[in-house]
Chemist: 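Quick one: structure below, then a few questions.
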Amino acid sequence: MSTRVALVGATGKLGTIIRAVIDELDGFEVAEVLTSQSDLSSIDGCDLVVDASTPAVSMMVIRAAAERGINVLVGTSGWSAERIAQVRSTVDAAGIGVVFIPNFSLGSVIGSALAALAAPFFDSIEIVEAHQHTKIDSPSGTAVRTAELVAAARDAQGPVNAPHVDQRARGQQIASVPIHSLRRPGVIAKQDVILSGAGESLTITHDTVQPAAAYAPGIRLALPFARDARGVVVGLENIIDLGLSAS
Ligand SMILES: NC(=O)C1=CN([C@@H]2O[C@H](COP(=O)(O)OP(=O)(O)OC[C@H]3O[C@@H](n4cnc5c(N)ncnc54)[C@H](O)[C@@H]3O)[C@@H](O)[C@H]2O)C=CC1
Ligand SMILES: O=C(O)C1=N[C@H](C(=O)O)C[C@H](O)C1
């Protein structure tokens, strides 16, 4: 029997990519398509909710799924560790699984893990991310997650050295790491993690060039994982084995 998916944000850019992946994937079918005109009650009777909507809607999607005992795969951004903490008890009480994937691209996840691996060796770490001008949220979910992983990897060293962060132009700090967001036409999604130390710097760059091709492998891995998950899981690094202790 195939897994009946309710796809929220189905006509958006990410939703369209996810729909194409599901249409080609054995054992999964898009049973309900939800757009901005839909009522969330139409997820009734589905086996899995996949969210590709907006940060504001995403919280309501999780609550609606929890009320009905349905697992959720969240591709929508805006889910910092702090915000995830707000839904953890709801998820646990409902006995469901909610899997947050800040970035479905394998290269992006590997880039963030490499940044975390290098983080204890550099005291100055800043993130510059660029997305198209139509993106409504900043900093990107990927940058937030990267900053959180970097900070966790630096537990023994403490916060990064980020002088003058009281000045707006120094970016928004997440877990002490300054993030600088560019929003401009002509870019899909790009992230540079710049780590600087005595006499040297290391830059880890990830560039999404073709979104459908970049996200499809991660979406294919995340769908069955999310269908069977229990509790809160964050990041594709929990689904693929990167072989890095910092992940
Ligand atoms: N995890 C990942 O790898 C990726 C995550 N994203 C994230 O996914 C989200 C969507 O991104 P895009 O598709 O580029 O945006 P988009 O603007 O193209 O699509 C969002 C869709 O959500 C729909 N929507 C708004 N309110 C709704 C509601 N109440 N119910 C159902 N649908 C509703 C809109 O009509 C729109 O079609 C963003 O948060 C973005 O950051 C985007 C690309 C990759
Ligand atoms: O809005 C986007 O386009 C993307 N959003 C996600 C994010 O906020 O990190 C993932 C990817 O960067 C594309």
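Atoms within each ligand, like the ligands themselves, are counted from 1 in listed order.
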Chemist: Checking contacts here: is it the side chain or the backbone of Thr142 that comes within 4.0 Å of ligand 2, counting heavy atoms only? Could be both or neither.
Modeler: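 Near ligand 2, Thr142 shows its backbone as well as its side chain.
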
Chemist: Between Pro211 and ligand 1, which residue portion shows a heavy-atom distance shorter than 4.0 Å: side chain, backbone, both, or neither?
Modeler: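 Looking at Pro211 and ligand 1, no heavy atom falls under 4.0 Å.
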
Chemist: Measure from atom 11 (O) of ligand 1 to every heavy atom in Ser53, Gly15, Ser42, Gly12 and give the option owning the shortest one.
Modeler: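 Nearest heavy atom to atom 11 (O) of ligand 1 lies in Ser53.
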
Chemist: With a cut-off of 6.0 Å (strictly less than), are more than 12 heavy atoms of other residues, nucleotides or ligands near CD of Glu29?
Modeler: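 Enclosed: over 12 neighbouring heavy atoms sit under 6.0 Å from CD of Glu29.
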
Chemist: Which residue owns the protein heavy atom closest to atom 13 (C) of ligand 2, what's the atom, and how far is it?
Modeler: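 Closest protein heavy atom to atom 13 (C) of ligand 2: Tyr215 OH, 3.3 Å.
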
Chemist: If you measure every N or O of Ile188 against every N or O of ligand 2, does any of those distances drop under 3.5 Å?
Modeler: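 Ile188 vs ligand 2: no N/O contact under 3.5 Å.
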
Chemist: Would you say that more than 12 heavy atoms from the other residues, nucleotides or ligands in this model lie under 6.0 Å from the CD of Glu200, or not?
Modeler: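 Yes, because the 6.0 Å sphere around CD of Glu200 holds more than 12 heavy atoms from other groups.
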
Chemist: Heavy atoms only: give me the nearest Pro102-Thr142 pair and the separation to one decimal.
Modeler: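 It is O-OG1, 3.5 Å.
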
Chemist: Between Lys135 and Ser77, is there a side-chain heavy-atom distance shorter than 4.5 Å?
Modeler: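 Ser77 reaches Lys135 side chain to side chain.
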
Chemist: Under 3.5 Å between any N/O of Asp137 and any N/O of ligand 2: does that happen in this structure?
Modeler: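 No; every N/O pair is 3.5 Å or more apart.
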
Chemist: Using a 4.0 Å heavy-atom cut-off, which part of Pro211 comes near ligand 2: side chain, backbone, both, or neither?
Modeler: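 For Pro211, no heavy atom sits under 4.0 Å from ligand 2.
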
Chemist: Look up atom 34 (C) of ligand 1 and tell me if a protein heavy atom lies less than 4.0 Å from it?
Modeler: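 Flag for atom 34 (C) of ligand 1 set to false, no protein heavy atom closer than 4.0 Å.
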
